[in-house]
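Presented below is the structure to which this report refers.
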Amino acid sequence: AYATSSCLRTVYVATPLQARKAQQMLKRPGVSILWDNRTGNLADHGDGLLLTATGRATIAASDEHPSASADFLARNPNMTHFLASDEVVIFNISVGAYEVVEGYSR
């Protein structure tokens, strides 16, 4: 699960610190995130949309945590228990660029 800041310059990702995802972001903070609207149909090749965000991942600092948590729970209200775990951290991904691709075959 993820959430974004209202300005879309930050993407928040909550994950257990020991998870492979978290360990990889700590070792290699240059990250990319891909969203798409694929439906599994051939029409996706012409009508599909992809959005890629590239940026740098860091663990949310203690002064950033309340805001990051609020944004995350506003988008994912069913994850209150998960986010409250001592093993879970929130990563801030500071987005440097977004790229939109329309039609996968173009």
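We use all heavy atoms of the structure for the numbers below, so side chains are in, but hydrogens, waters and symmetry mates are not. For clarity, every value in this text was computed on a predicted model and none was experimentally measured.
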Notebook entry, point to check: For Y2 and W35, what are the C-alpha separation, side-chain angles and deciding distance, and is it a side chain to side chain donor-acceptor pair (under 3.5 Å)?
Noted result: CA-CA 11 Å; Y2 73 94; W35 294 272; 3.2 Å; yes
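Within 6.0 Å of CD on E87 lie no more than 12 heavy atoms contributed by other residues, nucleotides or ligands. Heavy-atom neighbours of D86 CG from other residues, nucleotides or ligands within 6.0 Å: at or below the threshold of 12.
Residues N76 and N78 form a side-chain contact, since some pair of their non-hydrogen atoms from C-beta on lies under 4.5 Å apart. Looking at T54 and V95, their side chains never come closer than 4.5 Å, going by heavy atoms from C-beta outward. Using a 4.5 Å heavy-atom threshold, the side chains of E64 and N92 count as touching. Put simply, the side chain of F82 reaches to within 4.5 Å of the side chain of V88, judged on heavy atoms. Using a 4.5 Å heavy-atom threshold, the side chains of D36 and L49 count as separate. A heavy-atom distance below 4.5 Å is found between the side chains of E99 and V101. The side-chain heavy atoms of L83 and I90, taken from C-beta on, include a pair separated by under 4.5 Å.
The nearest pair of heavy atoms linking A57 to F91 is CB-CD2, 4.1 Å. Residues P16 and A22 come closest through the heavy atom pair O-CB, 3.4 Å. Residues P77 and T80 come closest through the heavy atom pair O-OG1, 3.2 Å. Contact record, R56 with G30: NH1-N, 3.9 Å, taken as the closest heavy-atom pair. Listed here is the closest heavy atom pair of F72 and A3: CA-CB, 3.6 Å.
In this structure, the side chain of Q24 does not engage the main chain of K21 through any donor-acceptor pair within 3.5 Å. At least one donor-acceptor pair under 3.5 Å links the side chain of Q23 to the backbone N or O of L17. Judged by distance alone, with hydrogens and angles left aside, the side-chain atoms of T4 form no donor-acceptor pair with the main-chain N or O of T10 at under 3.5 Å.
Residue I59 is grouped with residue I33 when hydrophobic side chains (ILVMFWY) are merged at heavy-atom distances under 4.5 angstrom, including chains of intermediate members. Clustering ILVMFWY residues whenever any of their side-chain heavy atoms sit less than 4.5 angstrom apart, transitively, puts Y12 in a cluster other than the one holding M25. Both L8 and V100 are part of a single hydrophobic cluster, where members link through side-chain heavy atoms under 4.5 Å apart.
Atoms OG1 and OH, on T52 and Y98 in that order, are 11.0 Å from each other to the nearest 0.5 Å.
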